[in-house]
Amino acid sequence: MIFLFFAFPLYGAPYQVTVLYDEPERDSAMFVANLLGHFEYINITMNTLQKTTAKTLLEPDVIFYVSSIDSNSPSIEIQNVLSSREKTTCYVGTHRWLGTSTTPITTTHITYKDIRFRETLFRMYPLQLGDEWKVLSTLDDGEQLIPYVARKGNTWIFQGVATSGISYLIFADLLHDVLGIPHAHVKKAMVRLEDLNPSYSGESLKKLRQTIDYLASNSVPFAMAVYPVFVTPESKYAIRLVDNKPFLETLKYAVEHGGTIIMHGTSHQYKWISGEGSEFWDISVDRPIPNERKYFHERMQYGLWIFHQAGLQPNYFEAPHYNFPLSLQEELINYFNTIAGELMVNNKTYQTTQAFPYIIRKTVSGLSVLPEQVGYIASGTQLLSLKTIEEKVRIITSIVRDPFICFFYHPYLAGDEYLKELIPFIRNMGYSFVDTGTMGGKLLYTPKEVPDLWPVPPSDSQKMLWAWFPLIAGGITAFILLFVYVRLTRRRRKDLFK
C-alpha cells in the first residue's frame, strides 16, 4: 500500500487535472475532458486561458493545454510557468508561441506501435523537435516524417487536436501514459438491438424473437434500445408499449434471457414519424427545441410512466440519433446516471459529436457512457456494413489497450443472419460480451402517473361499447318508435269511439 501511495498519487488523493484552453477551442477541450473521464480518482477542472492566472497553474498534477495555430498566445508569465513545470504538462495541438512552422503540411498516414495506418487528411503546422524528445507516433505524407506524439520527461506534445480517426484513438490510448494510470489490457464488447418499439408485429416480431434466441443460445448478453411510444403524423392514435401485448411479452422474454432495457427516448421523433426523426433536437434547422427543458422533462416522465405500466425498467438512456445537447445531458442526471452511444459536446450543432473507444466513467456533464463506435448493419449495404464494422474492430484492437466496442443492430432487417458472422468474429478477436445490466447503470427516478401526451387507442371495454353501439342505438330507436306508434294508435281508437 505504501508503494501504491507513492507510485500513484491517486491512491492517496485524487489527481488534480486541469484542461486549459483558448475560448474558441472549447469543443476540442470538451473532447479531451470527456476522454479523461475514463480514469478513476481524478478531479478535472476546465479553465479558459483568458481567466487563468500563472499561480493557478502551479498546483495541478497534470495540465492539458488545448490550442490551435490561430489561438491567442498565453501571457509571458503563463508561458514561463508551463515551460518550467516539474509536474506533467501535455500540449494538445500546435502552438505558435512554441515555434511552429508557418507552412502547413497535409499528411496522409500515421504510425503507432509499428503499424502504419492510412489517416484522413491531417493538416498541421509542425514543431521542430530535438533529439532529446522520444517520438511515440509519427505522421507522414509519403515523403516527410513528422512526430505526431513526442515526450521529453514530464512534457508531452500532440501535434494537432484529434477528434476522430486514428490520431484520436492514439491520443485516447496514450492518456494512460500521460496520466501514469495503468489499466488492464482487457477487451470488452456489447451488442445493442436498436429501435425496438410498439409497431413491431408479424414478421418483424418473428425476427426479433429469432435474434433474441440466437444471442441467448450463444450466451451473449445484449442491450435493447426501446422507445415506448410509436407515432405517425397520419394516425389518430399513438401506439404504446401497453397496447401491443405480443411485443411486450417478447421484451419480457428477452429480459429473462440476457437482455437489458435502454430507454431510447419516448417517441423517437419531433414532428416526424417515430424512428426517422430525432426527439430532443430540431435537426431540420439544427437548433434546440423551444423550451427544451420543459419539453424534455415532459417526455421523460411520460415515457418512464409507460415503461412502468408495462412492467419494464430501463437501466440506461440513449438519445435518438445521439442528438442530445450538453444542456440536456446535465438534466438527464435526474433520471439516469449512464447514457449510451455518442455525445454532442455543445449546445450549438448536432454535427459535433464524440465517440469513445472505451468506457467513460464520468463526462463533463456528470454521466457515465456506454460507448458505440463501430457502426451498424445498414439496409441495402449489409455486406459492406459487415466488413466496415470488422475493419473498425481490427483498428481499435490494434491501438487501444482496454477497448470497449459496441455495434447496434436492427432485428427487423434480417433476424439473426448477420449476427452469426459478427458475434464469432468479435469473440475471435479476443473480446468478451458483457452484461450491461450489471455495470452500474440505474434509474434514478420513481415513475409517476402523468397525463397522456398523445391520444391513445380506446380500451377493450371502450372498443366493445363502440362495437355494440349500432345495435344498442337501433334498439333504443325501435323502442321509441314502437312507443310512439302505440300512443298514436290508442289516441286514434279514442277518437273513433267518441
Side-chain angles (χ1 to χ4, degrees), residues 34-42 44 172-173 175-176 181-194 196 211-212 215-216 218-227 251-252 254-265 300 304 307 312-319 322 324 329 332-343 354-374 376 393 396-397 400-409 419 422-423 426-427 429-445:
N34 281 337
L35 276 176
L36 290 171
H38 177 56
F39 301 90
E40 294 178 291
Y41 310 116
I42 65 173
I44 303 168
D173 184 61
L175 283 179
H176 295 86
I181 302 177
H183 280 166
H185 291 222
V186 177
K187 294 179 267 189
K188 296 180 180 180
M190 167 183 165
V191 55
R192 196 176 75 214
L193 306 184
E194 196 77 353
L196 308 188
T211 302
I212 293 166
L215 293 170
N218 285 274
S219 302
V220 179
F222 54 96
M224 299 178 291
V226 181
Y227 54 93
L251 287 183
K252 290 181 177 179
V255 171
E256 293 171 357
H257 290 78
T260 300
I261 301 286
I262 294 177
M263 182 181 184
H264 192 26
M300 290 297 294
L304 288 169
F307 273 116
L312 296 172
Q313 180 170 301
N315 290 54
Y316 305 95
F317 177 81
E318 178 198 342
Y322 303 148
F324 197 59
Q329 292 171 39
L332 182 62
I333 201 66
N334 292 291
Y335 303 96
F336 295 96
N337 61 0
T338 305
I339 190 169
E342 299 180 12
L343 292 185
Q354 183 174 12
F356 303 96
Y358 39 47
I359 290 286
I360 301 299
R361 293 179 173 86
K362 190 175 182 181
T363 64
V364 172
S365 57
L367 298 168
S368 297
V369 182
L370 288 178
E372 177 277 309
Q373 66 291 91
V374 299
Y376 67 105
V393 171
I396 291 175
T397 306
V400 181
R401 66 195 71 184
D402 56 346
F404 182 100
I405 63 162
C406 174
F407 69 93
F408 62 94
Y409 187 74
L419 294 179
L422 268 179
I423 297 300
I426 291 172
R427 279 180 163 164
M429 292 293 292
Y431 287 84
S432 59
F433 285 91
V434 298
D435 181 359
T436 55
T438 64
M439 295 184 65
K442 60 182 178 180
L443 179 63
L444 306 175
Y445 171 82

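If you read the sequence from its start, that first residue is 1, and numbering goes on from there.
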What heavy-atom pair brings [X] and [Y] nearest, and what distance separates the two atoms?
X	Y	value
Y376	F408	CB-O, 3.1 Å
V374	C406	CG2-O, 3.0 Å
M439	V434	SD-CG2, 3.7 Å
L367	Q329	CD1-O, 3.7 Å
G366	I333	O-CD1, 3.9 Å
V191	P221	CG1-O, 3.8 Å

Any side-chain heavy-atom pair of [X] and [Y] under 4.5 Å:
X	Y	result
V369	I339	yes
I359	P371	yes
H176	F39	yes
F407	V393	no
L35	Q354	yes
M263	F307	yes
L444	N334	no
L193	L215	yes

inquiry  = Could you walk me through whether E40 and I181 satisfy the side-chain contact (heavy atoms from CB on, under 4.5 Å) test, starting with their C-alpha distance in whole Å, then the side-chain angles of each, then the deciding distance to 0.1 Å, before giving a yes or no?
reply    = CA-CA 9 Å; E40 294 178 291; I181 302 177; over 6 Å; no

ask   = Stepwise, does the side-chain contact (heavy atoms from CB on, under 4.5 Å) test hold for N218 with R427?
value = CA-CA 11 Å; N218 285 274; R427 279 180 163 164; 4.3 Å; yes

Using atom types as modelled and distance alone, determine if a side-chain donor or acceptor of [X] lies under 3.5 Å from a backbone N or O of [Y].
X	Y	result
N337	K442	yes
Q373	F404	yes
H264	E318	yes

Distance (rounded to the nearest 0.5 Å) between [X] [atom1] and [Y] [atom2]:
X	Y	atom1	atom2	answer
Y41	R361	OH	CZ	8.5 Å
R192	Y316	CZ	OH	12.5 Å
F336	L443	CZ	CG	5.0 Å
F222	T260	CZ	OG1	8.0 Å
I405	E372	CD1	CD	10.5 Å
I262	N315	CD1	CG	8.5 Å

message = What verdict does the side-chain contact (heavy atoms from CB on, under 4.5 Å) test give for L332 and M300, after you've listed the backbone C-alpha separation in whole Å, the side-chain angles of each residue and the deciding distance to 0.1 Å?
response = CA-CA 9 Å; L332 182 62; M300 290 297 294; 4.0 Å; yes

inquiry  = Classify the ring geometry of F317 against F324: parallel below 30°, tilted from 30° to 60°, perpendicular beyond 60°.
reply    =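 Ring orientation of F317 relative to F324: tilted.
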
query = Should the ring pair Y358 and H38 be called parallel, tilted or perpendicular, given that the plane angle runs from 0 to 90° and is split at 30 and 60?
reply =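 Geometry flag for H38 against Y358: parallel rings.
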
task = Answer yes or no: are there more than 12 heavy-atom neighbours, outside K187 itself, under 6.0 Å from its atom NZ?
result =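 Enclosed: over 12 neighbouring heavy atoms sit under 6.0 Å from NZ of K187.
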
Between Y431 and T397: side-chain donor-acceptor atoms closer than 3.5 Å =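 On atom types as modelled, these side chains qualify, holding a pair under 3.5 Å.
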
ask   = Step by step, would you call Q313 with I261 a side-chain contact (heavy atoms from CB on, under 4.5 Å)?
value = CA-CA 7 Å; Q313 180 170 301; I261 301 286; over 6 Å; no

inquiry  = Run the salt bridge (Lys or Arg N to Asp or Glu O under 4.0 Å) test against D173 and tell me which residues pass, sequence neighbours left out.
reply    =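 By the salt bridge (Lys or Arg N to Asp or Glu O under 4.0 Å) rule, D173 matches K113, R401.
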
